[in-house]
Amino acid sequence: MRNCFEKSGKWRIFYPHKMSEQTPTLLSASNIEINFGRQNILDKASLSIHEGDRIGMVGRNGSGKSTFLKILAGLTPPDAGEIVRSRDLTIGYLSQDFTLDETKTVYQNVEEGARHIFNLIAEYETLPGHSNRADDLEHRIAALDGWNLEYRIKEALSHLNAPDAASMITNLSGGEKRRIAMAKALVARPDLLILDEPTNHLDPEAIEWVIEFLLGFKGAFLVVTHDRYFLDRITTGMVEVSNGKIYSYEGNYTEYLISKAERQSVEERQEQVRQGFLHRELDWVRRGPKARTTKSKSRLDRFFEVAAQGPPPKEMDVDLVIPPPPSIGNRVVDLENVGMELGGRKLFENVNLKFAAGTKVGIAGKNGLGKTTLLKIIIGALKPTEGTVKIGELTRFNYVDQNRVQLDPEKTVYDELGQGSEVVQFGDQKISVRSYLRRFLFTEDRISTQVRHLSGGERSRLLLARILKNGGNFIILDEPTNDLDLASLRVLEEALIGFGGSILVVSHDRYFLDRICNHMIVFEGDGQVSQTPGNYDYYMELRRRKASAEKRESSSSAAATVQSTKSKSSTQPRKLKYKEQMELAGMEATIAEAEQETTRLEELFASPDFYKVHADHPQIQKEIETSKAKVAALYARWEELAAIDGTSKD
């Protein structure tokens, strides 16, 4: 970064875009402008994406991130500026407002994401085996891993916990549809992958699979997400959309935060110098030099030019302070041996937990295992099928569910929040609705704006403002991080950390759970619910230790079994039976025959015209696996018989 004050009187800040400058450019966006009415969303924003780039994009909700992604994907034209794409560039795009074909199955929709690969295969199958075009297509299909496309589709659907491949889209929930759209984007293996909030509605295991997929992805990708753990794992560069501009940083999310703090520190020092210059020049101007010479005129022009530039834009943060909790008793909520069964399926059992003031419990685990059900049991909205729930007399819940409250699109922000009142009860005090809304970054003009004209981020802030004003001494949040930008997330975390009552939060956001929680409940499947003190990272560390211990124990047990077998063999050696002697004698020939069959099948599968000739390729794949397993079993049997034969001769 370089900052300077030019002789012309202009202050400039240079933000170098160093990511992958030496590699070929896939896409370049220059001086992009987007205006919504009077609001200038993007103002000469520029970004270049090169081969191998792994870029995370951040910025406040409403800053233009999603709009910029649509421009890069070619779905929305900019009001001004230029987009240059490399020749034959393929782009995979997952938008927040994705669409799926309601008339098709889950599998058919995911297939559409790799339509370009299917088209290449279809053309290849129409060509003679020995032609230049066929050779070219064969290499392109192999580079895209097209021959394994069916397997990759099934793998993606499985790891993303998607519905059955034969299910129709019309019968699915919003979260299920998003996981299908995610699979559709990933199986394409494009040159450039653009993902807008890819981790929404994914459980921790699915997120981990997406991370591993992207770490092994050969193309470039640009990801917009509020999942900071995700960004830290996958990115080597960050870009921030702020005040219509795009600023580039090297490194992952943590390194971006450090660099941004340094940039802002430099800007503050620059502004101090600029203000000093203006004060000195203003004093000179007020003295009113008698002779307006060319030199004094130039000095005056420079003063007005620097004054017109103004200070660097300041970022406003939500002043999110949760109303102080009313007094809470010794008993908040006690769960004793709580279990729940729905539709003949046991979700969980034997859950024991005592909440107290200051308890901040996080709940994590796969979707569909009963996390939200447990929340409803705790607040008394559902009765458990077994166990008891005791709620303290002074406990006052403030429950924020996944669907949140519904906003009236025709009401103004003021009316929606105030609900007929001009004040908000804030602990023992009352503050005006306008003052309360300003804490959530609503300016005067936005306070009088209808809800239907708000951005997604503004809607989320309004929802939080409306819900959190209800106070309470036990706050329960179900997926609170969805749709919140990173700045709002950080402030929400600080507010929850400083809250004096009890907190229970369901989230897939590991970073959020690590900052907030001092106790974890994790739904692990098959009705098992694990509890540990500490945050999510500590739970994962305990899980790794347990897995390592089990592995060591398994190895020790296996070694003991082998030793025991050897001991028995040494004390009571036995000879091979006649049939075993014959089996051992013919074993080499049997193994050689099995290996030849495996080789034949593998060569058949690898032949260029395999997919043209063999429509039953899935069956042949199974035959290869079966043949390999047979060879392995024969070798194991040979070693077993040879060991017995050797022992008997000792």
Side-chain angles (χ1 to χ4, degrees), residues 159-161 175 179 199-212 227-230 232-233 333-342 345-356 358-379 382 384 386-387 389 399-402 474-482 493 496-497 502-551:
H159 284 289
L160 292 173
N161 198 24
R179 292 196 290 275
T199 63
N200 280 1
H201 302 290
L202 296 187
D203 56 48
E205 290 185 15
I207 291 173
E208 196 64 34
W209 181 80
V210 174
I211 288 172
E212 294 301 325
D227 190 324
R228 293 152 292 181
Y229 170 79
F230 187 81
D232 263 347
R233 288 285 306 276
V333 177
D334 293 349
L335 277 68
E336 297 178 1
N337 299 318
V338 168
M340 189 67 181
E341 184 177 308
L342 284 176
R345 183 168 71 98
K346 178 157 284 189
L347 297 178
F348 50 84
E349 59 184 350
N350 298 324
V351 176
N352 293 277
L353 186 63
K354 289 182 181 293
F355 288 91
T359 302
K360 295 177 172 62
V361 179
I363 299 182
K366 282 187 175 182
N367 295 320
L369 297 182
K371 300 188 297 294
T372 299
T373 300
L374 180 60
L375 298 189
K376 292 181 178 179
I377 288 173
I378 289 172
I379 65 174
L382 281 178
E386 57 187 54
V389 178
Y399 175 47
V400 184
D401 67 10
Q402 286 192 59
F474 193 163
I475 295 179
I476 299 179
L477 306 171
D478 197 353
E479 295 294 353
T481 64
N482 286 351
E493 288 167 355
L496 292 175
I497 290 170
S502 298
I503 292 172
L504 179 61
V505 56
V506 172
S507 180
H508 293 145
D509 189 328
R510 285 184 59 168
Y511 202 106
F512 185 81
L513 292 173
D514 282 341
R515 286 211 67 197
I516 298 299
C517 302
N518 52 33
H519 191 94
M520 286 299 305
I521 300 174
V522 182
F523 286 68
E524 298 179 332
D526 297 323
Q528 298 300 309
V529 178
S530 173
Q531 291 192 52
T532 60
N535 60 17
Y536 192 85
D537 261 359
Y538 183 64
Y539 160 77
M540 290 300 294
E541 177 61 27
L542 292 179
R543 187 176 176 182
R544 283 190 289 269
R545 291 180 190 173
K546 182 180 178 182
S548 297
E550 289 176 349
K551 188 175 181 180

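Residue indices begin at 1 and follow the sequence shown.
- Counting heavy atoms from C-beta on, the side chains of R543 and Y539 come closer than 4.5 Å.
- Counting only heavy atoms from C-beta outward, the side chains of E208 and I211 approach each other to under 4.5 Å.
- For the pair R228 and E493, the salt-bridge criterion is met [side-chain N within less than 4.0 Å of a carboxylate O].
- I378 contributes atom CD1, which lies 11.0 Å from atom CG of D334 (distance to the nearest 0.5 angstrom).
- M340 and T373 get closest at one heavy-atom pair: CG-CG2, 3.8 Å.
- When side chains are defined from C-beta on, K346 counts as touching E386, because their heavy atoms get closer than 4.5 Å.
- Contact annotation: the side chain of T199 never approaches that of V210 to less than 4.5 Å [non-hydrogen atoms, C-beta and beyond].
- In this structure, NE2 in H508 is found 11.0 Å from CD1 in I363, a value given to the nearest 0.5 Å.
- With contacts defined as side-chain heavy-atom distances shorter than 4.5 Å, the pair S507/E479 qualifies.
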From CA spacing to verdict: side chain to side chain contact (heavy atoms under 4.5 Å, CB included), D537, R510: CA-CA 8 Å; D537 261 359; R510 285 184 59 168; 3.1 Å; yes

Evaluation steps, side chain to side chain contact (heavy atoms under 4.5 Å, CB included), between T359 and K354: CA-CA 9 Å; T359 302; K354 289 182 181 293; over 6 Å; no

Verdict with supporting geometry, V506 and T372, side chain to side chain contact (heavy atoms under 4.5 Å, CB included): CA-CA 8 Å; V506 172; T372 299; 5.6 Å; no

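- Between S502 and A356 the shortest heavy-atom distance is OG-O, 2.7 Å.
- The line from CG of L504 to CD1 of I516 is 12.5 Å long, rounded to the nearest 0.5 Å.
- Proximity of L202 to R179: side-chain heavy atoms (C-beta onward) are separated by under 4.5 Å at one or more points.
- The CG atom of L347 sits 5.0 Å away from atom CG of L342, with the distance rounded to the nearest 0.5 Å.
- Applying side-chain contact (heavy atoms from CB on, under 4.5 Å) to C517 and the options V361, V505, L496 leaves one that passes, V505.
- Residue I475 holds its CD1 atom at 5.5 Å from CD1 of I503, rounded to the nearest 0.5 Å.
- Looking at P204 and Y536, their side chains come closer than 4.5 Å, going by heavy atoms from C-beta outward.
- Side-chain contact between E212 and R233 is present, with heavy atoms from C-beta onward closer than 4.5 Å.
- Between the side chains of N337 and N352, at least one donor N or O sits under 3.5 Å from an acceptor N or O.
- The stretch residues 509-529 participates, sequence neighbours left out, in these ring-ring contact (aromatic ring centres under 6.0 Å, His included) pairs: F348-F523.
- The two residues L513 and N535 come nearest to each other via the heavy atoms O-CB, 3.9 Å.
- Annotation: the span from L374 atom CG to L353 atom CG amounts to 8.5 Å, rounded to 0.5 Å.
- When all heavy atoms of L160 and A206 are compared, the pair lying nearest together is CA-CB, 4.2 Å.
- Under the salt bridge (Lys or Arg N to Asp or Glu O under 4.0 Å) criterion, R345 pairs with no residue at all, not counting sequence neighbours.
- No donor-acceptor distance shorter than 3.5 angstrom exists from the side chain of N161 to the backbone of E205, with no hydrogens or angles considered.
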